[in-house]
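Just below is one structure, and these are the notes that go with it.
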Amino acid sequence: MAAPFGGLPTRWPPTVDGPDPWLSKVAVILPGLAYAPSMALLDLCRQALIARGWTVQQVWWDAPRLDDADEMIEWVDGEAEAAIALEADADRLLFVGKSLGSLGCLASARHGLPAIWLTPLLDQPRAVHALRHRTAPNLLVGGTADSSWTASSISGLGDEVLEIPDATHFLDLPGDVVGSAQIQVKVARAVSSFLDQLRGIGSDR
């Protein structure tokens with residue numbers, strides 16, 4: 001697994017007690033190309049997860065700038081599989097990914113894992129194929145001003161979808177700081193609701 005900035009994946013324990021809080025439920029956060037796990041939207045996901053008993057593994061990477069889309073997909077897929085391998089003792093796994101990290105959907109579909117994808121790259125046919133054939137619940141969040149968020153790809157996915165009018169790939173409204181902050185609230189509510197719905201579902205692995 002890549003270890004950018006001289007670091008390793010960061011682990012956050014849950015803030016609620018469980019039978020084995022470090023191992024029972026683990027969420028893996030995959031960042032974007034230039035959107036670190038500590039940035040606002042992914043950190044909101046982290047907070048929602050640890051408050052519901054999930055241990056969070058933040059993956060930090062320096063993604064290679066590859067011109068070939070398939071090569072980039074394979075690279076992210078390898079990072080996602082490496083993250084899964086690190087959690088071999090976990091009872092339940094979940095993925096969260098932003099933009100480039102959403103290409104982890106191939107691995108999540110392969111392993112039947114639930115996932116939250118923020119601004120997924122729906123302009124990539126292999127990603128759309130994986131989302132169409134996944135067996136676990138997914139939440140997709142995107143904005144209509146994002147060229148990677150295509151209505152034709154969303155149609156028929158059958159996932160829970162939060163579509164935000166006029167929001168960019170950063171899930172913001174340029175020039176509207178209040179509107180951008182309100183988007184973060186909407187995302188936080190959608191993520192919290194999705195995680196609450198996962199309660200009571202059997203093993204995610």
Side-chain angles (χ1 to χ4, degrees), residues 1-16 21-63 72-73 75-121 127 130-131 134 136-142 148 159-160 162 169-171 184 187-196 198 204-205:
M1 175 183 291
F5 317 121
L8 293 171
T10 305
R11 291 180 71 83
W12 294 81
T15 56
V16 297
W22 280 90
L23 295 178
S24 60
K25 298 192 298 184
V26 178
V28 175
I29 293 183
L30 301 176
L33 181 64
Y35 199 97
S38 59
M39 294 180 75
L41 292 167
L42 290 180
D43 195 60
L44 287 174
C45 293
R46 177 191 66 81
Q47 294 180 56
L49 285 157
I50 63 174
R52 289 165 173 77
W54 292 82
T55 293
V56 172
Q57 178 197 151
Q58 292 174 319
V59 176
W60 297 75
W61 60 32
D62 278 328
M72 183 60 81
I73 290 171
W75 185 85
V76 174
D77 189 49
E79 293 295 298
E81 287 288 351
I84 291 172
L86 285 178
E87 306 300 342
D89 294 328
D91 297 318
R92 305 181 75 184
L93 282 175
L94 175 147
F95 268 99
V96 178
K98 171 75 171 76
S99 187
L100 181 66
S102 72
L103 297 178
C105 66
L106 277 73
S108 70
R110 188 180 302 126
H111 292 273
L113 303 178
I116 298 168
W117 305 121
L118 308 178
T119 63
L121 302 183
L131 289 170
R134 54 107 188 115
N138 276 205
L139 168 64
L140 306 181
V141 181
S148 298
D159 292 284
E160 187 171 341
L162 171 61
H169 190 66
F170 291 97
L171 286 179
Q184 293 191 18
V187 174
R189 287 174 174 162
V191 168
S192 297
S193 175
F194 178 78
L195 294 176
D196 289 342
L198 289 182
D204 296 324
R205 193 152 193 186

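In this chain, residues are counted from 1 in sequence order.
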Of the non-hydrogen atoms in [X] and [Y], which two are nearest, and what is the gap between them?
X	Y	result
Val76	Gly101	CG1-O, 4.4 Å
Gln58	Pro37	NE2-O, 3.6 Å
Gly112	Ala136	O-CB, 3.5 Å
Ala115	Ser108	CB-OG, 4.4 Å
Leu49	Ala27	CD1-CB, 3.6 Å
Ala90	Val26	CB-CG2, 3.8 Å

Could you work out, with side-chain contact (heavy atoms from CB on, under 4.5 Å) as the rule, every residue matching [X], not counting sequence neighbours?
X	result
Ala40	Tyr35, Gln184
Ser102	Trp117, Pro120, Leu121
Ala63	Leu33, Trp61, Trp75, Leu100

Hey, can you pull the donor-acceptor pairs under 3.5 Å for the side chains in residues 187-195, sequence neighbours left out?
{"from": "Ser192", "atom 1": "OG", "to": "Ala188", "atom 2": "O", "distance (Å)": "2.8"}
{"from": "Ser193", "atom 1": "OG", "to": "Gln197", "atom 2": "NE2", "distance (Å)": "3.3"}

Measure the [atom1]-[atom2] distance between [X] and [Y] for me, rounded to the nearest 0.5 Å.
X	Y	atom1	atom2	result
Thr15	Gln47	OG1	CD	9.5 Å
Leu30	Lys98	CG	NZ	13.0 Å
Ile116	Leu41	CD1	CG	11.5 Å

Side chain to side chain, [X] and [Y], heavy atoms closer than 4.5 Å:
X	Y	result
Ser148	Thr119	no
Leu118	Cys45	yes
Leu94	Lys25	no
His169	Ser99	yes
Leu86	Val28	no
Glu87	Arg92	no

Note to self: Can you pull out every salt bridge (charged side-chain N to carboxylate O under 4.0 Å, His left out) where at least one residue sits in residues 100-115? Sequence neighbours excluded, please.
What the structure shows: Asp77-Arg110, Glu81-Arg110
Notebook entry, point to check: Applying salt bridge (charged side-chain N to carboxylate O under 4.0 Å, His left out), which residue pairs with at least one partner in residues 26-37 are found, sequence neighbours left out?
Noted result: none
Check: Is there a donor-acceptor pair under 3.5 Å between the side chain of Ser24 and the backbone N or O of Asp91?
Finding: no
Notebook entry, point to check: Given the rule in the side-chain contact (heavy atoms from CB on, under 4.5 Å) test, do His111 and Leu93 qualify, once you have shown the distances and angles that lead to the verdict?
Noted result: CA-CA 9 Å; His111 292 273; Leu93 282 175; over 6 Å; no
